[in-house]
Peer 1: 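Have a look at this one.
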There are 2 protein chains.
Amino acid sequence: MPYDPSAFPPFAVTVDLVVLTVRRHALCALAVRRGESPFQGRWALPGGFVRADEDLSQAAARELAEETGLRAHDPDAPAQEGGAHLEQLATYGDPKRDPRMRVVSVAHLALAPDLPAPRAGGDASNARWAPVEELLAQGGYGRDGEPVAPLAFDHAQILSDGVERARSKIEYSSLATAFCPPEFTVGELRRVYEAVWGVALDPRNFHRKVTGTPGFLVPTGGTTTRQGGRPAQLFRAGGATLLNPPMLRPEV
Amino acid sequence: MPYDPSAFPPFAVTVDLVVLTVRRHALCALAVRRGESPFQGRWALPGGFVRADEDLSQAAARELAEETGLRAHDPDAPAQEGGAHLEQLATYGDPKRDPRMRVVSVAHLALAPDLPAPRAGGDASNARWAPVEELLAQGGYGRDGEPVAPLAFDHAQILSDGVERARSKIEYSSLATAFCPPEFTVGELRRVYEAVWGVALDPRNFHRKVTGTPGFLVPTGGTTTRQGGRPAQLFRAGGATLLNPPMLRPEV
DNA sequence: GTGTTTATCGTCAGGCAGACGACTATGATC
DNA sequence: GATCATAGTCGTCTGCCTGACGATAAACAC
């Protein structure tokens, strides 16, 4: 049977990005304000159409660079300097998810260190880092008491899935280092875990665990007091990507 | 800016299925023979176009039913009788993955108990359960000594990703029961783990682990000797979906 | 009955995590 | 400069879980 273009319906394919970072002890996601209908004026995840000659991961990396200036790493490589971890998250294709047409969105998850203010096409008022708790508080109220409109399209679901992926993945991988600057202390890494999981961890047990896991952390020799208190050793991410045994998330 | 249909390139969207089962102590996948170009005569994963009014999970469930007669379960529900576990795996969209046109494939992973011979459009010679090891032996030789052509398209990659997902997911979830009939013994469940992981497990420690995990197994009261030896208790899958602590995969 | 197979219960030692005490080295404050 | 607050780092102890493996139980084949 020869190829028949009428045998399949045409779809638009987009990539949407869940870009997570840790700011001020809170897990935050990048949100952009929609300038056009539908959902005009509402907050949404950054994203865009996949181009005709582009792979999905290329499209995601391009969108990430356009929105944040970050370069993406290979998903299987350990976190390194000056870039973000980027991996495919899941694909969303409900026929009604976009009222204009049939759109299938391949969502990606990016993890980045704390960044300067975002730029969305150069217009800062149309992009921001917002605590995920706030973005997911459907119909609730933000930190400033203003009512918060839910995210556009099915982006609340996508963000929720991305956050859950990040929460579970830092358990058994060294991915939490993707939230840290190139050199970081054990305490800074612990605050990442605490922010992502929303729990408090025992500093002593955490220190024993991460320094005792071979290949997780490599001391650089330097120290810093940027967190106050006694000077802390600086580390880089080691070559290990999988933590065995995993970091245990406290119950409840 | 109004909606402009020319602003995005059209894609074909398909679902491809990695359907896994355990037969004769080996992890097997469903393969179908391609009847048309490209890759005519080669083995491939079952799949097809997503219809215009269909969600991705619906399309995957429809393809699964067409190929195997199985009904799909909700991915978050524990395994139950008469159906298969079905979940989204990943999406593959390399511009060159299909030489005819731009196709984005949303791969799904299905886990099923051992089934009767498959039916591919009623033609049994065009569908079979094959050990994944054999399907992934690129350019190697199958069990019968015949040379084996690699799977069509990027289906070897998709199958490989699906197998890895299954291998890791039975560690921390009760998903291994999806490979079992509605009632099964601890030994049968252990043989599932052994087939999927390709290792031997200690029957005594395995028994202690699975019977000691609350909500994993529920005794039905019956016994069976279908495996020979001393009669074994029969169990159903319990309500628990996550195993904590996980089942540990032996090193190396 | 004897041997084989599979299921099931027990024991023991080692490893790891949670709880928490103790000490150290900075900056901030009086 | 003494004191305090803040973080970081090292230890100890206890309990749980796992891996290794001995022992017993209940079926079937001969």
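When reading the values below, keep in mind they use all heavy atoms of this one structure, side chains included, and skip hydrogens, waters and symmetry mates. Values in this document were obtained by computation on a predicted structure and should not be read as measured data. A, B, ... follow the sequence lines: proteins, then strands. Residue 1 opens every chain.
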Peer 1: For C/dT8, does either OP1 or OP2 sit under 4.0 Å from a side-chain N or O belonging to B/His207?
Peer 2: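 Affirmative; the distance criterion is met.
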Peer 1: If you apply the rule side chain to side chain donor-acceptor pair (under 3.5 Å), what do you find for A/Asn244 with A/Tyr172, and how did you get there?
Peer 2: CA-CA 7 Å; A/Asn244 211 314; A/Tyr172 59 89; over 6 Å; no
Peer 1: Answer with yes or no whether the side chains of B/Tyr92 and B/Asp161 bring together a donor and an acceptor at under 3.5 Å.
Peer 2: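 Distance-only check passes for B/Asp161 and B/Tyr92.
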Peer 1: So that I can tick it off, tell me whether A/Glu171 and A/Arg249 are bridged by a salt bridge, with the cut-off set at under 4.0 angstrom between side-chain N and carboxylate O.
Peer 2: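 Yes.
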Peer 1: So where does chain A start and stop touching DNA chain D, 5' to 3', when the test is distance under 4.0 Å to a non-hydrogen atom?
Peer 2: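 Range of nucleotides touched by chain A: D/dT6 to D/dT12.
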Peer 1: A cation-pi test, strictly: NZ or CZ of B/Arg128 under 6.0 Å from the centre of the six-membered ring of B/Trp43 and no more than 45 degrees from its axis. Yes or no?
Peer 2: yes
Peer 1: Treating primed atoms plus P, OP1 and OP2 as sugar-phosphate and everything else as base, which nucleotides of nucleotides 14-23 of chain C get B, S or - for protein heavy atoms under 4.0 Å?
Peer 2: ---BBBBB--
Peer 1: For A/Glu133, is the CD atom crowded, meaning more than 12 foreign heavy atoms sit under 6.0 Å from it?
Peer 2: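 Check fails, neighbour count at 12 or below.
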Peer 1: Do the non-hydrogen side-chain atoms of A/Thr185 and A/Gln233 ever get within less than 4.5 Å of each other?
Peer 2: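 No; the side chains remain at least 4.5 Å from each other.
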Peer 1: Under 3.5 Å, is there a donor-acceptor pair between the side chain of B/Glu87 and the main chain of B/His108?
Peer 2: no
Peer 1: Determine whether the aromatic ring centres of A/Tyr193 and A/Phe206 lie less than 6.0 Å apart.
Peer 2: yes
Peer 1: Determine the contact category for B/Arg190: base if any of its heavy atoms lies under 4.0 Å from a base atom, sugar-phosphate if only primed atoms, P, OP1 or OP2 are that close, otherwise nothing.
Peer 2: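 Sugar-phosphate: the residue B/Arg190, judged by heavy atoms under 4.0 Å, touches backbone atoms but no base.
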